[in-house]
Protein chains: 2
Amino acid sequence: MSQSIVPNVRKRPTIRDVAREAGVSYATVSRVLNGREWVSPEAVRVVREAIARTGYTANPHARSLATGKSGSIAFLLTEPQHLLFEDPNFSVLLRGVAQALSDRELTLILMIASTPEERNRTTAYLSGGHVDGVLLVSPHSGDPLLSHLVQAEVPIVACGRVLGYEQQISSVMADDRSGGRSAVEHLIAMGCTKIATITGPQDTAGGVDRLQGYTDALLAHGIPVEPARIVHGDWGRASGATAARQLLDQDPELDAVFAASDAMAAGALPVLREAGRSVPGDVRVVGFDDSGLAATLDPSLTTVRHPLDRISEEMVRLLTDVINGRTPLSITVPTTLVIRDSSPA
Amino acid sequence: MSQSIVPNVRKRPTIRDVAREAGVSYATVSRVLNGREWVSPEAVRVVREAIARTGYTANPHARSLATGKSGSIAFLLTEPQHLLFEDPNFSVLLRGVAQALSDRELTLILMIASTPEERNRTTAYLSGGHVDGVLLVSPHSGDPLLSHLVQAEVPIVACGRVLGYEQQISSVMADDRSGGRSAVEHLIAMGCTKIATITGPQDTAGGVDRLQGYTDALLAHGIPVEPARIVHGDWGRASGATAARQLLDQDPELDAVFAASDAMAAGALPVLREAGRSVPGDVRVVGFDDSGLAATLDPSLTTVRHPLDRISEEMVRLLTDVINGRTPLSITVPTTLVIRDSSPA
DNA sequence: CTGAAAGCGCTTACAG
DNA sequence: CTGAAAGCGCTTACAG
């Protein structure tokens, strides 16, 4: 329908077009664009009108070239893809970060580095100073990418403590240890004594800390920590099912399960049912995350909530601080126990 | 620990540094960088070495400014956030697109436009020609954003047919109609005659087409289409539960349910069980999507698979074509029925 | 408060 | 095959 004679790439108005339209120099246009001091109200008005009339929007590349700031932040995923994308936490985090970045007029660049080749390319790109900073999700302790980025002095904020880089990489995380402890203390308060746990991977801060909270609670109440009641999962649903079978095998008497993620709890639930245990009648179950899943399970899941929206917000705020040269910092946000049917009060 | 005397922003090597190092003009460096013709093998060698020695990486902003191409693609979400991020399809699509883009050395910019203000900002940004193209996810028919983007001649490829813009906006989608039809024909072949359906939203192509496939199959087999057996959902789990209750209410005799998404099927399953219907004994259930959920449900879910990885791949390929000035196109990829326990063969 | 000018780091005709 | 030069669209001291 549209019979454009002009070539496909229309000429966008530039700062000069606006200046001509407004009858001022283009330096003045730039000043009002950037809200700098020393511009007469009259000039501001004229320029604003000219901008509206021409439909001008700044060319971010020209701006970046001139300022040396890219105006963009990389959201970097290094985890094997399938795991991360299955995790509902990830979506919530991504959404929150997108929001916070948008509020600051920063652009979100999504990068996924799974294969060795991608990792190299990503490292080069980020070290090249082509983004203002990096948001790191679920970093692995021994990842060589980390040392490269740190060495290149790229501003970084990680989601979760980065084991080995605590001093150099800022991080924001939930208080996983207290969260785990509160979950298990709830179970103890409800009269459970044979409490098992399905942990997260032990090379992640979350996996380690939630388990630590579990042992904290037991020991604080004089309950021995039995290795037979500890099985490791990988956060995923399937691993929760496997772990539950193993736990029942190792200790058929168990009267509670604390799973370090809702997904693993979701995997454990049907296994318990099939094994003839009613939840919460015979076995109480508590998860972690308060993901969308938790409330829809049958029975609905008692779980530990960490405010992911708060975490993403803080990650972005902290990153802008680091970009502005402030020293690295570590932020911990509290968790809350959400009581539902799988372990009622 | 690191006592950097130099200011935080280290000077990155530029093309001139490489040229000096290699002993050629920087125009030559640019040529080998871009793999252009007319460069002596000797020059190529020298420059490559100099690049390696200096650790040079091109400044994308300078390049963009010079070429007028941004090297980036926007992945634009306009759906209310919660819906999209809950949908496992979304993650798979995002991952696939990220991969395909990375293969082409294009940068993925994630934009979420939910509030009216964000929508305006986004429209301005995209219309400003600051990305090379836009990947549109789950577009709404009447969205003003669409007309703006089309008018600004921004290259677009949508996931799913865009009702009203079929001629102007390229799209890639699953053959939802055939998929729906194959699901229902399977149920018919298994002896079901009172087949109900939970549809997707009727202002989306997927919602409309999957329902169309349902009626296609019934009519082809001389089975009347009963309004009492059609209830609308919003793709989400909760809406599936509500819809299932309504269906049982309107037709207690039903012997099969075709849900237009796995999530809605997942919501329907426990409702059926609570109503005393065994699956697949009393009622067969088929979903759509073959999301990660399907195989883990109890019983595992018979569903229609659409190859999302293929779709994302084609979206990116098509978008690069459109960017290069080729005319809009619509691609449909076939679906396959995956038979599991909720409706075995 | 405002304008002229240099410069950000590239690409790309234009001469050679 | 290669170099000198203009230009992409901004920002930012520097003079006024």
Side-chain angles (χ1 to χ4, degrees), chain A residues 7 9-48 50-51 54-72 105 107 125 128-132, chain B residues 7 9-48 50-51 54-72 105 107 125 128-132:
Chain A
V9 284
R10 251 212 302 273
K11 194 85 174 73
R12 317 275 168 191
T14 76
I15 202 174
R16 285 173 215 266
D17 297 320
V18 176
R20 193 179 320 116
E21 184 78 17
V24 297
S25 77
Y26 63 86
T28 299
V29 175
S30 174
R31 285 194 195 92
V32 351
L33 242 30
N34 295 289
R36 302 182 72 85
E37 56 245 288
W38 292 325
V39 192
S40 68
E42 170 63 8
V44 172
R45 195 181 56 74
V46 189
V47 170
R48 281 207 202 295
I51 288 175
T54 54
Y56 169 83
T57 56
N59 180 325
H61 305 116
R63 179 172 284 174
S64 294
L65 183 56
T67 60
K69 318 236 67 176
S70 78
S72 59
E105 310 217 14
T107 296
Y125 186 85
H130 307 318
V131 297
D132 293 339
Chain B
V9 285
R10 250 212 303 272
K11 196 84 174 75
R12 317 274 168 193
T14 77
I15 202 175
R16 284 174 216 267
D17 298 321
V18 176
R20 191 179 320 116
E21 183 79 16
V24 298
S25 78
Y26 62 86
T28 298
V29 175
S30 175
R31 285 195 196 92
V32 350
L33 241 31
N34 295 289
R36 302 182 72 85
E37 56 247 286
W38 294 324
V39 192
S40 67
E42 170 64 8
V44 172
R45 195 181 56 76
V46 188
V47 170
R48 282 206 201 296
I51 288 175
T54 55
Y56 169 82
T57 56
N59 180 324
H61 305 115
R63 179 172 284 173
S64 295
L65 184 55
T67 60
K69 318 237 67 174
S70 78
S72 59
E105 309 218 16
T107 295
Y125 186 84
H130 307 317
V131 297
D132 293 340

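Numbers restart at 1 for each chain; the letters A, B, ... are given by sequence-line order, proteins then strands.
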J.: Among residues 65-72 of chain B, which contact DNA chain D at a heavy-atom distance under 4.0 Å?
T.: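 Listed by number, they are B:L65, B:A66.
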
J.: Is the shortest side-chain N/O distance from B:S25 to OP1 or OP2 of D:dG3 below 4.0 Å?
T.: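 Result: yes.
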
J.: Is the shortest side-chain N/O distance from A:Y56 to OP1 or OP2 of D:dC10 below 4.0 Å?
T.: yes

J.: Take atom CZ of A:R20 and atom P of C:dG3, then tell me their distance rounded to the nearest Å.
T.: 15 Å

J.: Residues in salt bridge (Lys or Arg N to Asp or Glu O under 4.0 Å) with A:D132, at least two apart?
T.: none

J.: Tell me, do A:N59 and B:L65 make a side-chain contact under 4.5 Å, heavy atoms counted?
T.: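 They are in side-chain contact.
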
J.: Considering all heavy atoms of both residues, which atom of A:P13 and which atom of A:T54 are nearest to each other, and what is their separation?
T.: CG-O, 3.4 Å

J.: Please give, in whole Å, the distance from D:dT11 P to A:H61 NE2?
T.: 14 Å

J.: Under the ring-ring contact (aromatic ring centres under 6.0 Å, His included) rule, collect the residues that match up with B:Y56, sequence neighbours excluded.
T.: none

J.: Could you provide the dot-bracket string of DNA chain C, using ( ) for intrastrand pairs, [ ] for crossing pairs and | for bases paired to another strand, with Watson-Crick or G-U pairs below 3.5 Å?
T.: |||.||||||||.|||

J.: Rounded to whole angstroms, how far apart are CD1 on A:I15 and C1' on D:dG7?
T.: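 Value for this atom pair: 16 Å.
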
J.: Side chain of B:S30 only, please: which of C:dA5, C:dC10, C:dT11 is the nearest?
T.: C:dT11

J.: Hey, which of these two, A:N59 or B:V24, hits DNA chain D nearer its 5' end, going by closest nucleotide?
T.: B:V24

J.: Counting N and O atoms only, with roles assigned by atom type, does the side chain of B:H130 sit under 3.5 Å from a partner on the main chain of A:A58, one being a donor and the other an acceptor?
T.: yes

J.: Round to the nearest Å and state the distance from A:R16 atom CZ to C:dA5 atom C1'.
T.: 11 Å

J.: Taking atom C1' in both D:dT12 and D:dG16, compute the distance separating them and give it to the nearest angstrom.
T.: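 The answer is 16 Å between these two C1' atoms.
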
J.: In whole Å, I'd like the distance from the OH atom of B:Y26 to the P atom of D:dA5.
T.: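 Checked: the OH to P distance equals 9 Å.
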
J.: How many whole angstroms separate atom CZ of A:R31 from atom P of C:dA5?
T.: 14 Å

J.: Which residues pass the side chain to side chain donor-acceptor pair (under 3.5 Å) test with B:R48, sequence neighbours left out?
T.: none

J.: For B:A19 and B:S25, which heavy atoms make the closest approach, and how far apart are they?
T.: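 B:A19 and B:S25 have their closest heavy atoms at CB-C, 3.8 Å.
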
J.: Identify, with sequence neighbours excluded, every residue that meets salt bridge (Lys or Arg N to Asp or Glu O under 4.0 Å) alongside A:R20.
T.: A:D17

J.: Show the nearest heavy-atom pair for residues A:A22 and A:A50, with the distance to one decimal.
T.: CB-CB, 3.7 Å

